[in-house]
There are 2 protein chains.
Amino acid sequence: MNRQILVVEDEAPIREMITFVLEQNGFNAIEAEDFDQAKEKVVEPYPDLILLDWMLPGGSGVKLAKMLKQNEYTRSIPIIMLTARADEEDKVRGFDVGVDDYVTKPFSPKELIARIKAVIRRVAPTALEEAIEFHGMKLDPVAHRVSINDSNIDLGPTEFRLLHFFMTHPERVYSREQLLDNVWGTNVYVEDRTVDVHIRRLRKAITGAGHEDFIQTVRGSGYRFSGKIKASV
Amino acid sequence: MNRQILVVEDEAPIREMITFVLEQNGFNAIEAEDFDQAKEKVVEPYPDLILLDWMLPGGSGVKLAKMLKQNEYTRSIPIIMLTARADEEDKVRGFDVGVDDYVTKPFSPKELIARIKAVIRRVAPTALEEAIEFHGMKLDPVAHRVSINDSNIDLGPTEFRLLHFFMTHPERVYSREQLLDNVWGTNVYVEDRTVDVHIRRLRKAITGAGHEDFIQTVRGSGYRFSGKIKASV
DNA sequence: AGTTTTTGTGACAATTTTATGACATGGGTA
DNA sequence: TACCCATGTCATAAAATTGTCACAAAAACT
């Protein structure tokens, strides 16, 4: 299972060098040399990681990063930003956008590979495009459809994203704030309690379809999505 | 809840600058200027993050990093390595040791803070929270769940925190005051005896699930969490 | 044995946290 | 424009948690 890595870099020699190094190391490189090309390449099946040059003609890398990180489907693709040494400031701005790491040019091949591996290891990817099944409940991100035992249930966009997030992150408690960050997106000003309401709507849709409620309330902490738990008596 | 950050750096001006920046940004800095001092500072309560200079007198930073990363108790503390620009190779070696990130000198305060925050956000939540198992009782901080022989027992928030504290600090007696400090938080005005009540609730939940009581009363001193005790003869 | 000190327990009321129904808003569409 | 739907927010109901107390039980001490 080779990792697909999209290399967005306008300087051809550097781009080719990177591609070479990647393929030497068992990665699968896709190339793009500007904003528009990159946009075209970020489609299904999505790359597993993006190496993104900070300075791109016709639109900065940051702009692209921001765009990707705001899109529901591309948000979880890790991005490593390639920066020129000079401008420290840009690095920081890169972080604000949600970039996962950056590498300063010039960099050694070893360093690049080390960083890529580190990021991939860290981000723990779940392939976005694949249907997820969990205890008879199936969520198909492509068809944007949820079914329980082959009968469809319909959800609003937000409920869908919420369920999607939960299904890709089961067995783990998330606070309301974390859910807002992950499902609604960062820097969105919404009340904590709004999460409760959406949880309720989601629960209603699921249990209404005759399915067991897989969302557990963890008092004082948040909510958790998981399968049956043996209750203690 | 301020984060404790240990700054290990031999050059005083740099160290002080870092400390200043950290405290400006709401972090709590602890300083060390060499290997030995650093070793002394990495004790309970452990720092939340370590800024470690690559070049230290009397033992390199890498040596210290390696040591910390091999120790069971300090392994999960994120480390950011401070490196001199020149040697790219060292950076990579830093990664091999398990260092979580590095910053190349000279760096801007903004960048430093951004990296610290990124690392804490990234590393701390998962690394700090590995499941703890003790004689068939398992506590998973991530799932926020306690199970005994695979059947879940549910605890209130306070009982959960109390058990968590005990399981991370077994075989040691804690006075009621100490427990209040550690579980309830400092400067909280609560009666000593309240601890007794929570101990009882916790015991009830555990023994109620058919599990042996691992909390021992140490008369006149407090409570201790530990495995079976050999009866005295 | 009697007394004092310390801890265990059940009950309870106050407080905190969550569930739920209703409603207003705003975007999109016929 | 009128209508529909999704969404965020509130008010209120419901539920769970928590700190204390009073008293029982146990241990320590005279």
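Just so you know, these numbers use all the heavy atoms, side chains as well, and skip hydrogens, waters and symmetry mates. Every value quoted in this text rests on a predicted model; they were computed, and no experiment measured them. A note on names: the letters A, B, ... follow the listed sequences, proteins ahead of strands, and every chain is numbered from 1.
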When rounded to whole Å, the NE2 to P distance for the pair H198(B) and dA16(D) reads 17 Å

Does any donor atom in the side chain of H198(B) or T158(B) lie under 3.5 Å from an acceptor atom in the other side chain? no

Using whole Å, report how far CZ of R200(B) lies from C1' of dT18(D). 12 Å

Taking the side chain of R201(B) as its heavy atoms from C-beta onward, which of dG19(D), dT7(D), dT7(C) lies nearest to it? dG19(D)

Checking side chain to side chain contact (heavy atoms under 4.5 Å, CB included) against E159(A), which of K204(A), H164(A), R201(A) comes through? R201(A)

May I ask you to evaluate whether T217(B) reaches the phosphate of dG8(C), defined as a side-chain N or O under 4.0 Å from OP1 or OP2? yes

If only atom types and distance count, is the side chain of H211(B) paired as donor or acceptor with the main-chain N or O of T207(B) below 3.5 Å? no

Closest listed nucleotide, where the reference is the side chain of Y189(A) and the choices are dT5(C), dT18(C), dT9(D): dT9(D)

What is the distance, rounded to the nearest whole Å, between atom CD of E191(A) and atom P of dA11(D)? 11 Å

Salt bridge or not for D36(A) and K39(A), using N-O below 4.0 Å? no

Under 4.0 angstrom, heavy atoms only, what part of the nucleic acid is R193(A) near: base, sugar-phosphate, or nothing? base

Does dT18(D) have OP1 or OP2 sitting under 4.0 Å from an N or O in the side chain of T158(B)? yes

Would you kindly give the CD-to-P distance between E159(B) and dA16(D), to the nearest whole Å? 14 Å

Taking the minimum atom-to-atom distance to the side chain of T194(A), which one of dG8(D), dG10(C), dG21(C) wins? dG8(D)

Might you confirm whether atom CD of E133(A) has over 12 heavy atoms from other residues, nucleotides or ligands at distances under 6.0 Å? yes

Which nucleotide in the list dA16(D), dT20(C), dG19(D) gets nearest to the side chain of R219(A)? dA16(D)

In whole angstroms, how far is the P atom of dT20(C) from the CD1 atom of I215(A)? 12 Å

Sugar-phosphate only, base, or nothing, as touched by Y223(A) at under 4.0 Å among non-hydrogen atoms: sugar-phosphate

Spacing between W184(B) atom CH2 and dT15(C) atom P, to the nearest angstrom: 19 Å

With nearest nucleotides of DNA chain C determined for R176(B) and V197(B) from heavy-atom distances, which residue corresponds to the more 5′ nucleotide? R176(B)

For L179(B) and dG19(D), give me the distance from atom CG to atom C1', rounded to whole Å. 16 Å

Rounded to whole Å, the CG-P distance (D196(B) to dT7(C)) equals 7 Å

